Amino acid sequence: MSQIRENLKRVLERIERRAQKAGRDPKEVKLVAVSKTVEVARIKEAIEAGVSILGENYVQEAQKKIEEIGRPVSWHFIGHLQSNKAKYAVRLFEVIHSIDSLHLAEELNRRAEQAHRVIKVLIEVNLSGETTKFGTDEEKILSMAHGIHSLKALSLEGLMTMPPYFDDPEMSRPYYIKLRELKEKIVREGIPMKELSMGMSNDFEVAIEEGATYVRVGTAIFGPRKS
Ligand SMILES: *Cc1c(COP(=O)(O)O)cnc(C)c1O
């Protein structure tokens, strides 16, 4: 078995086992295979092995790959998106996990309307207050959710976060609890949304216990990134 196929099998088994242990239906947890910096041949290998969602961080890099690979899979954007790339993003991606301002959402909405598409989006929340991280501050989330909810060409699906890196995955747990609580609060405010995009190679099992519906896993599938 190829390394990627073997890695993928192991990740899927871990997702299933942890979901069951947490009393959840494993089908509620969708795997986003994060393919930034991974070359096309290896991405194709992952697709043959059964990956159905790919997550990319850079618009130009993704565009080249999508031209070559096409759409046997769903392409998601998980990186920082600049407004001036919105017109490309709405044509390339089905889901954008990383909306970090209302301004960006409005620009995406305008471009999506022009392209006659509806784009699924998640709000990226910066829970750590790290200034090096993108994402919306917690206190602005509610007003942003209301703003995005009113945009016709965007469908607000949920929240995403990326905690600081910890060697010990348990350290991520408070961030994931917080994100789930924030989502519940927004739902109580009358904005329905169901997705929690949280958990990476080193801590996706903790995220699943706290309600993740998308886990974004790169290294554990493709191996360490070169850059
Ligand atoms: C790179 C990246 C991931 C995947 O990280 P791994 O540790 O390789 O699993 C997940 N989410 C985002 C936003 C990323 O940029």
Side-chain angles (χ1 to χ4, degrees), residues 3-15 18 29-39 42-43 45-47 49 51-63 65 73-82 85 89 92-101 104 120-136 157-173 175-176 178-180 195-227:
Q3 190 65 57
I4 288 176
R5 185 177 287 270
E6 207 169 292
N7 290 347
L8 177 66
K9 185 166 172 273
R10 199 167 307 137
V11 167
L12 288 171
E13 281 168 1
R14 285 169 63 191
I15 290 173
R18 195 56 71 107
V29 185
K30 300 173 284 291
L31 173 64
V32 179
V34 176
S35 49
K36 61 172 176 247
T37 79
V38 177
E39 59 272 37
R42 302 180 69 236
I43 296 176
E45 226 183 282
I47 295 171
V51 154
S52 59
I53 304 173
L54 287 166
E56 286 282 339
N57 289 61
Y58 307 100
V59 172
Q60 265 177 311
E61 182 186 334
Q63 182 160 24
K65 290 174 176 174
V73 289
S74 172
W75 292 90
H76 290 202
F77 191 77
I78 63 170
H80 176 62
L81 186 61
Q82 288 166 317
K85 301 271 170 66
L92 293 169
F93 303 106
E94 205 170 306
V95 184
I96 297 175
H97 290 230
S98 43
I99 304 298
D100 59 3
S101 74
L104 172 62
K120 295 176 178 171
V121 299
L122 287 76
I123 300 174
E124 178 173 359
V125 189
N126 181 348
L127 294 172
S128 61
E130 286 177 293
T131 50
T132 52
K133 285 246 161 71
F134 294 106
T136 309
E157 304 281 308
L159 304 178
M160 180 271 234
T161 200
M162 189 158 137
Y165 179 83
F166 302 108
D167 284 327
D168 176 4
E170 277 302 321
M171 300 281 287
S172 301
R173 190 181 297 276
Y175 296 91
Y176 296 153
K178 187 87 211 178
L179 197 72
R180 186 189 65 221
E195 309 288 6
L196 284 173
S197 171
M198 57 191 200
M200 309 184 8
S201 289
N202 68 319
D203 64 4
F204 67 83
E205 286 159 315
V206 168
I208 289 169
E209 286 175 349
E210 299 306 337
T213 61
Y214 282 118
V215 290
R216 308 180 310 267
V217 179
T219 314
I221 296 171
F222 294 107
R225 283 179 291 275
K226 282 175 215 101
S227 41

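Along the sequence shown, residues carry numbers from 1. Given the structure is predicted, the values throughout are model-derived calculations rather than measurements. We count ligands from 1, going down the list as the structure has it; atoms in each ligand are counted the same way.
Residues passing the ring pair (Phe, Tyr, Trp, His ring centres under 6.0 Å) test with Phe222, sequence neighbours excluded: none. Glu45 meets the side chain to side chain contact (heavy atoms under 4.5 Å, CB included) test with Ser2, Ile4; sequence neighbours excluded.
Each of Val34, Lys36, Asn57, Ile78, Met162, Met200, Ser201, Arg216, Val217, Gly218, Thr219, Arg225 has a non-hydrogen atom positioned under 4.0 Å from some atom of ligand 1.
Annotation for Lys178: atom NZ does not count as buried by contact number, only 12 or fewer foreign heavy atoms lying within 6.0 Å.
A salt bridge links Glu170 with Arg173: at least one charged nitrogen is closer than 4.0 Å to a carboxylate oxygen. The pair Arg14-Glu205 counts as a salt bridge, with a side-chain nitrogen and a carboxylate oxygen less than 4.0 angstrom apart.
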Considering only distance and modelled atom types, tabulate donor-acceptor pairs under 3.5 Å from the side chains of residues 51-60, sequence neighbours left out.
residue : atom : partner : partner atom : Å
Glu56   : OE1  : Lys65   : NZ           : 3.4
Glu56   : OE2  : Ser35   : OG           : 2.7
Glu56   : OE2  : Lys65   : NZ           : 2.8

